[in-house]
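In what follows, every heavy atom counts, from backbone to side chain, and hydrogens, waters and symmetry copies are set aside.
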Amino acid sequence: MTLARWTEVDDYFNGLLVGPDEALDAAVENSDAAGLPAIQVAANQGKLLNLLARLQGARTVLEIGTLGGYSTIWLARALPEGGRVVTLEADPAYAEVARANIERAGLADVVEIRVGRALDTLPELAAEGHGPFDVVFIDADKPSNPDYLAWSLKLTRPGSLIIADNVVRDGEVVDATSEDPKVQGVRRFTELVAAEPTLNATALQTVGGKGYDGLMMALVTG
C-alpha cells in the first residue's frame with residue numbers, strides 16, 4: 001500500500017463521515033498561508049478527538065500544542081455549555097493564527113490560549129488551581145513528552161483520559177538505538193506510561209493522508 005492509497009481511503013471516509021466544514025477548512029488554509037507546518041491532525045483524527053471527548057462527558061480539556069488551532073476547534077466543539085479548553089502554544093506567531101481561527105469558528109469564549117513554553121505554563125496552571133481536566137491532548141515537542149506526562153498526571157483525576165499523538169514516528173519508535181530525540185522522547189514516554197500504576201493504556205498505529213504514525217490513549221484509574 002502507498003500514501004496515495006491511504007489518502008484516497010481517508011478522503012472516502014472523510015467525505016461520508018466528516019464532510020466539509022467552513023471553519024475547519026479555513027483554519028487549515030489560514031495556517032498554510034501563514035507558513036505553519038502542515039502537521040495538524042487529519043480530519044478523521046480530529047473527529048476522533050471530538051468523539052472521545054464527548055464519550056468522556058468532558059467539560060474541561062487541556063491541549064499541549066496548539067499550532068493553528070485545528071484540533072482545538074474539534075475539542076472545543078465537543079464540550080457542553082460552560083465547557084472550557086485551555087491550550088498551550090510556545091510560538092507566539094502560531095498562537096495568533098490559532099486565535100484568529102478559533103474566533104472565526106465562534107469559540108473564542110470557550111478556548112483560552114496560553115503562550116509560552118508548556119513546561120513554564122503548566123506549573124502556572126497548577127499554581128492557579130486549574131484542573132482536574134477531563135481530557136488532556138499531548139501534541140507538542142516529543143522530547144518533552146515525559147515531562148508532559150508528569151504534569152498531565154498532576155492535572156487530571158481518576159476517569160480522565162490522556163491522549164498523545166505521533167507516537168509511532170514512521171515505525172522508528174521500535175529502534176532503541178535511534179539518535180532522534182523525538183523517537184527517544186516517545187520511547188521514554190511510553191515506558192513511563194507502562195510503568196505508571198494509575199494508568200491503563202493502549203497505542204494504535206495509523207496510516208492515512210498524514211502518513212504512518214499512531215496515537216496513545218491512557219485512562220487515569222487511580
Side-chain angles (χ1 to χ4, degrees), residues 37 39-42 45-53 55-56 58 60-76 78-79 84-91 94-95 98 111-126 130-157 159-169 172-173 180-196 198-206 210 213-221:
I39 56 174
Q40 71 276 352
V41 299
Q45 295 167 342
K47 189 162 187 181
L48 175 62
L49 293 174
N50 179 280
L51 292 175
L52 289 172
L55 287 167
Q56 276 292 100
T60 56
V61 174
L62 171 63
E63 180 181 48
I64 303 174
T66 314
L67 194 62
Y70 183 80
S71 55
T72 319
I73 293 170
W74 275 112
L75 289 164
L79 304 185
R84 191 76 172 162
V85 176
V86 178
T87 183
L88 312 180
E89 176 52 54
D91 190 311
Y94 292 5
V111 177
E112 176 186 354
I113 301 175
R114 295 217 172 188
V115 182
R117 292 178 66 252
L119 294 181
D120 295 328
T121 52
L122 284 163
E124 292 174 0
L125 287 177
H130 286 270
F133 291 93
D134 301 315
V135 173
V136 177
F137 179 46
I138 302 172
D139 192 14
D141 59 304
K142 308 312 171 191
S144 297
N145 268 16
D147 296 313
Y148 297 151
L149 176 63
W151 280 106
S152 296
L153 290 171
K154 293 176 183 177
L155 290 166
T156 52
R157 54 165 177 78
S160 295
L161 182 65
I162 300 170
I163 307 165
D165 198 16
N166 307 126
V167 298
V168 173
R169 318 294 313 168
E172 292 301 313
V173 69
D180 185 338
K182 296 178 181 178
V183 172
Q184 289 300 332
V186 168
R187 284 180 61 88
R188 181 58 182 154
F189 170 80
T190 305
E191 292 162 0
L192 290 169
V193 169
E196 174 54 54
T198 65
L199 292 177
N200 190 355
T202 192
L204 299 175
Q205 300 179 76
T206 60
K210 294 292 183 178
D213 214 320
L215 56 86
M216 184 180 297
M217 293 173 286
L219 181 69
V220 181
T221 59

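- To the nearest 0.5 Å, the span separating CD1 on Ile64 from CG on Leu88 amounts to 6.0 Å.
- Atom NZ of Lys142 is separated from atom CG of Asp165 by 5.5 Å, given to the nearest 0.5 angstrom.
- The shortest non-hydrogen separation linking Ile39 to Leu67 is CG1-CD2, 3.6 Å.
- Using a 4.5 Å heavy-atom threshold, the side chains of Leu153 and Glu196 count as touching.
- Side-chain contact between Leu219 and Ile162 is absent, with no heavy atoms from C-beta onward closer than 4.5 Å.
- Heavy-atom minimum distance, Ala42 versus Tyr70: O-CE2, 4.1 Å.
- Atom CD1 in Ile163 sits 8.0 Å away from atom CD in Gln56 (nearest 0.5 Å).
- The two residues Thr72 and Val85 make their nearest non-hydrogen contact at CG2-CG1, 4.0 Å.
- Rounding to the nearest 0.5 Å places CG of Leu119 at 8.0 Å from OG1 of Thr121.
- Leu62 pairs in a side-chain contact (heavy atoms from CB on, under 4.5 Å) with only one of the listed residues (Leu125, Val135, Thr156), which is Leu125.
- The nearest pair of heavy atoms linking Val173 to Arg187 is O-NH1, 2.7 Å.
- The closest side-chain donor-acceptor pair between Glu63 and Ser71 falls under 3.5 angstrom.
- Side-chain contact check for Asp141 and Ser144: at least one donor-acceptor pair (N or O, by modelled atom type) lies under 3.5 Å.
- Between Leu122 and Leu155, some side-chain heavy-atom pair lies under the 4.5 Å cut-off.
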